[in-house]
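Everything on this sheet refers to the single structure shown next.
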Amino acid sequence: DRGFEETYRVTSVGVIMYCGSPDRTLNNFYSFPQVLLVEQADIEDKPWGIPAGHVEPEDKSVYQTAIREAREETGLQIEPARMTLAAVNQKRETPEPREIRPVYTYQVTWKEIVALGDWKRIPEAQGFEDILVLERRLPSSGEIGRLALVDLQNFLHRMETPQCTY
């Protein structure tokens with residue numbers, strides 16, 4: 001997953017962080033897949049999105065960019081072995097086919113989620129229904145607001161509308 005930097009111009013990298021299982025037959029809230037979103041404090045019209053960011057010159061690879069961005073935007077310690085390349089998207093804003101944005105997945109444990117702090121259930125927040133929100137903001141970032149956990153189906157529905165970034 002690191003060789004495409006030589007062929008394509010990678011403009012940014014995203015990480016879909018999730019917990020739970022895709023097996024909905026367990027019928028338990030904690031077993032449903034939940035996607036971790038970050039609130040983009042500096043983007044008013046699309047406030048929620050997956051952890052993502054631009055490739056920095058000091059990043060050794062796009063993979064390292066994904067690890068750095070996920071760590072910076074969520075405060076979680078990222079284990080590289082748990083990150084997997086999931087998709088490579090062409091950048092929407094440009095017709096240049098050589099500009100891409102890789103997307104990785106990373107499975108977070110409930111123990112890691114709980115350790116971040118107190119989560120509050122909110123019936124609706126900026127287009128999402130019934131989400132868990134971590135109210136504390138990371139002290140190191142002025143561009144990231146709260147963190148939220150959103151049911152996978154809710155997340156996929158919102159990705160079809162312009163209310164999510166990336």
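Every heavy atom of this structure was used, including side-chain atoms; hydrogens, water molecules and symmetry mates were not. Quick caveat: nothing in here was measured; it's all calculated off a predicted structure.
A donor-acceptor pair is defined here as one N or O able to donate and one able to accept, closer than 3.5 Å; such a pair exists between the side chain of Glu73 and the backbone of Ala52. At least one donor-acceptor pair closer than 3.5 Å links the side chain of Tyr63 to the backbone N or O of Pro80. A donor-acceptor pair under 3.5 Å is formed between the side chain of Trp119 and the backbone N or O of Ile113. A donor-acceptor distance shorter than 3.5 angstrom exists from the side chain of Arg82 to the backbone of Gln107, with no hydrogens or angles considered.
Here the options are Leu132, Val15, Leu134, Leu76, the test is side-chain contact (heavy atoms from CB on, under 4.5 Å), and the partner is Leu36; only Leu76 passes.
Residues Ala70 and Pro51 come closest through the heavy atom pair CA-CB, 4.2 Å. Heavy-atom minimum distance, Leu149 versus Cys19: CD2-SG, 4.1 Å. Taking each heavy atom of Tyr106 and Glu112 in turn, the nearest pair found is OH-OE2, 4.5 Å. The minimum heavy-atom distance linking Gly53 with Thr65 is given by the pair O-CG2, 4.3 Å.
Residues Glu58 and Arg68 are not paired through a salt bridge, judged by the lack of any N-O separation under 4.0 Å between the basic side chain and the carboxylate.
Side chains of Glu69 and Asp59 form no contact here, defined as non-hydrogen atoms less than 4.5 Å apart. Counting heavy atoms from C-beta on, the side chains of Val62 and Tyr104 come closer than 4.5 Å.
The CD atom of Gln64 lies 9.5 Å from the CE atom of Met83; values are rounded to the nearest 0.5 Å. If you take CG on Leu37 and CD1 on Ile16, they are separated by 9.5 Å, rounding to the nearest 0.5 Å.
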* To do: Start with the C-alpha gap between Ile50 and Val38, add the side-chain angles, then the distance that decides, and say whether side chain to side chain contact (heavy atoms under 4.5 Å, CB included) holds.
  => CA-CA 6 Å; Ile50 62 174; Val38 295; over 6 Å; no
* To do: Start with the C-alpha distance between Gln34 and Trp110, add both sets of side-chain angles, then the distance that settles side chain to side chain contact (heavy atoms under 4.5 Å, CB included), and finish with yes or no.
  => CA-CA 10 Å; Gln34 303 287 318; Trp110 279 109; 3.8 Å; yes
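Every residue two or more places apart in sequence or in another chain that forms a side-chain contact (heavy atoms from CB on, under 4.5 Å) with Gln77 is listed here: Arg71.
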